[in-house]
Structure formats: structure tokens, C-alpha cells
There are 2 protein chains.
Amino acid sequence: MQKFLEILKEKGSKVTRPRKKVLSVLLNANYPFTLSEIYRNCTDIDFASVYRTVQLFISMKIVRQINMCDKKIRYELIIDKPHHHIQCNGCGKIEKLDICILDEVRKLTDYNITEHMMEFSGLCPDCKIK
Amino acid sequence: MQKFLEILKEKGSKVTRPRKKVLSVLLNANYPFTLSEIYRNCTDIDFASVYRTVQLFISMKIVRQINMCDKKIRYELIIDKPHHHIQCNGCGKIEKLDICILDEVRKLTDYNITEHMMEFSGLCPDCKIK
DNA sequence: CTGGTTGCAAACTCTTTGCAATCCT
DNA sequence: AGGATTGCAAAGAGTTTGCAACCAG
């Protein structure tokens with residue numbers, strides 16, 4: 001939390017109630033939240049402020065945007081290295097994936113790849129036997 | 001074209017002008033189109049009809065939905081086996097990728113994976129040297 | 001002829017913005 | 001104090017639906 005507030009100050013932005021609240025919601029989220037999920041957890045903060053705060057955080061590289069299979073745009077704090085997700089359609093849980101194919105695609109295509117997404121969904125080991 | 005019209009008939013749907021038009025637009029598209037790109041290429045067809053036609057085609061497995069890095073939902077005919085895409089942010093071209101990591105993720109997670117996306121964007125070899 | 005389909009218009013949902021009031025520093 | 005930020009309200013953009021008229025089989 002403190003670390004992120006420092007980034008705000010460094011870049012000349014103010015530490016305000018809405019920004020602290022959005023930050024704490026994202027810190028407590030154990031999977032990437034949609035905008036409205038963030039909003040629903042920010043009591044007394046206007047939707048527009050949540051929206052603008054998230055945009056600000058993205059521009060400051062505090063937050064990254066995630067697209068999962070359900071086509072909803074989600075957001076997560078940049079606290080660990082980039083990773084991908086797998087979501088269970090049975091119980092809804094979202095897990096991080098420690099596997100990537102970026103380097104192979106770089107070699108294969110010779111592109112200078114700046115963005116990529118790799119997201120999976122299905123039934124987790126528990127749900128698929130039920 | 002004929003093959004797809006057969007599927008329509010088999011499933012008890014009528015072969016109409018809007019449906020033929022949407023089909024031909026998708027056949028001529030050399031990359032996945034968004035709904036409005038399809039609409040823009042369907043002169044004299046109402047947006048709602050394009051929309052409902054695409055939904056119908058999805059339910060009949062004639063069309064699949066693609067999410068690319070630009071966050072826009074795109075559609076392509078199911079004519080070849082599933083594949084992924086890489087998009088150049090310089091010249092805009094979209095290429096198919098003949099690489100996938102699905103089996104590795106299956107092994108790693110033991111999920112019964114029913115959906116996945118893997119999309120890349122960046123600068124193609126030509127654009128990155130400019 | 002007749003039920004499936006279309007076009008139009010309107011309702012929704014989600015995202016984005018202008019502006020006066022308010023809050024950090 | 002003074003500029004950045006917020007809340008409100010409304011505008012946009014994209015998606016979805018009800019319904020009367022129309023058309024393919």
C-alpha cells in the first residue's frame with residue numbers, strides 16, 4: 001500500500017480518499033476485478049472516480065489490464081511478474097498460470113511483441129469429476 | 001458458401017438475403033472482423049440483422065468469436081482448425097499463428113479446458129525497423 | 001399461406017467527459 | 001490559497017430486444 005502511495009506522490013498526484021480506497025480494494029482482491037467489482041467494493045466513491053483512478057493507475061504502471069475468457073476487462077495490481085490465468089467455470093475460481101509462450105512466438109514471428117494475452121477457462125480437477 | 005447454407009437449412013433456418021450477405025463478407029475477410037466492420041460491408045442490411053445473424057452463426061458453429069489485444073470482439077468463419085493471431089500495431093496487419101500451448105496447460109493444471117485465447121500484438125519485422 | 005426473419009426504434013449496459021464544488025498539499 | 005480531484009449528471013458507444021411488416025419455403 002505504502003509503496004503505491006509513494007509512486008503517486010513521486011509523479012505529482014495527490015493521495016486522496018478514492019485513490020486509497022481503490023488501492024485497498026485491489027490489494028484485497030485475490031483475482032482480477034472488473035471495474036464494477038471494484039466500484040461495488042468502494043462504498044461512497046462515485047463510479048467516475050473509480051474509473052478515473054483505475055485509468056490513472058494504469059498510466060502509472062500500478063495496475064495492468066487483463067482480458068479473460070468471459071470477455072470482461074479486468075484489472076490487477078502489478079505486484080508480481082506478468083502471468084496468465086485459468087478460470088474454472090464450475091466453482092468460478094481463478095488461478096495464476098506459471099507458463100508462457102511469448103519467447104517462442106517472438107522467435108517464430110520475429111515481431112517486436114509489446115502486448116499479449118493468454119487466458120484459459122474450463123473445469124478444474126475438482127469440478128470436472130462432479 | 002454453399003456448405004454453410006446447407007448447415008442453415010439442415011438446422012431449420014431460412015436462407016435469406018442478410019444471411020447470405022453476412023456470410024459472403026466473412027468469407028472475403030482476411031482477418032477477424034468486428035461487428036461494425038461486418039455491418040459496414042453489408043450494404044442495405046440493418047445492424048440488428050447483422051447482429052442476430054452473427055449470433056445465429058455462432059450458435060450453429062459456423063462462426064467463432066475472437067478477442068484480440070485491441071479488446072474488440074471479432075468474428076471469423078470456422079473454416080480451418082482453431083488458431084491464434086498476431087497483430088501489427090504499425091501497419092495493422094493480422095496474421096495467423098501456428099503455435100499453441102493448450103496441451104501444456106492441460107498437463108500442468110489438469111483442468112478440462114473448454115475455452116482459451118492467446119493473442120499477441122506488437123511491431124512486425126518490417127515496421128520495427130522503420 | 002404462415003412462421004421465421006427483418007427493419008426500425010427504443011431500451012440497456014458500459015464507458016467517458018464537462019463542470020462546479022471540494023479536497024490535498 | 002490554488003490547482004488537482006471529486007461527484008453529479010449527462011453524453012457516447014456498443015449491444016440487445018419488442019414488434020409490426022415482410023418474405024422464404
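Each chain gets a letter, A, B and so on, in the order its sequence line appears, and its residues count up from 1. Everything numeric in this text was worked out from a predicted model, so none of it was measured.
As a whole-Å value, the separation of A/Asp44 CG from C/dT22 P is 16 Å. For the pair A/Lys20 NZ and C/dT25 P, the computed distance is 8 Å after rounding to whole Å. In this structure, CZ of B/Phe57 is placed 11 Å from P of C/dT5, rounded to the nearest angstrom. Atoms CG (A/Asp46) and P (C/dC23) sit 14 Å apart, rounded to a whole Å. In this structure, B/Leu35 places its CG atom 13 Å from P of D/dT17, rounding to the nearest Å. One interatomic measurement links the two molecules: NZ of B/Lys9 to C1' of C/dG4, which rounds to 16 Å at whole-angstrom precision. At whole-Å resolution of the value, CD in B/Gln65 and C1' in D/dG14 are 14 Å apart. As rounded to whole Å, 11 Å separates atom P of D/dC8 from atom CD1 of A/Ile45.
Here C/dT17 is the nucleotide among C/dA9, C/dT17, C/dT6 with the atom lying nearest to any side-chain atom of A/Ala48. Nearest nucleotide to the B/Phe47 side chain, out of C/dT17, D/dT6, D/dT15: D/dT15.
From A/Lys20, atom NZ reaches atom CG of A/Leu23 across 10.5 Å, with rounding to the nearest 0.5 Å. Atom CD in B/Glu76 sits 10.0 Å away from atom CD1 in B/Ile94 (nearest 0.5 Å). How far CZ of B/Arg74 is from CD1 of B/Ile38: 10.0 Å, rounded to the nearest 0.5 Å.
Salt bridge B/Arg17/B/Asp44: absent, no basic N to carboxylate O contact under 4.0 Å.
OP1 or OP2 of C/dT16 has at least one side-chain nitrogen or oxygen of A/Tyr51 nearer than 4.0 Å. Contact annotation: B/Arg19 side-chain N/O to D/dA24 OP1/OP2 distance is not under 4.0 Å. Proximity of A/Thr16 to the phosphate of C/dC24: no side-chain N or O atom is located under 4.0 Å from OP1 or OP2.
Side-chain contact between B/Tyr39 and B/Val25: absent, with no pair of heavy atoms (C-beta onward) separated by less than 4.5 Å.
The closest side-chain donor-acceptor pair between A/Gln87 and A/Tyr31, if any, does not fall under 3.5 angstrom.
Backbone-only engagement by B/Arg17 is indicated by non-hydrogen atom pairs under 4.0 Å involving sugar-phosphate atoms exclusively.
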message = Between A/His116 and B/His84, is the ring-ring contact (aromatic ring centres under 6.0 Å, His included) condition met? List the steps.
response = CA-CA 11 Å; A/His116 73 294; B/His84 302 286; over 10 Å; no
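Comparing the axis of the opening five pairs of the helix from C/dC1-D/dG25 to C/dT25-D/dA1 with that of the closing five pairs yields an angle of 30°, rounded to 10°.
Nearer to the 5' terminus of DNA chain D, by closest-nucleotide assignment, is the contact made by A/Ser13 (compared with the other of A/Ser13 and B/Val15). Mapping B/Arg52 and B/Lys14 onto DNA chain C by nearest heavy atom places B/Lys14 at the nucleotide closer to the 5' end.
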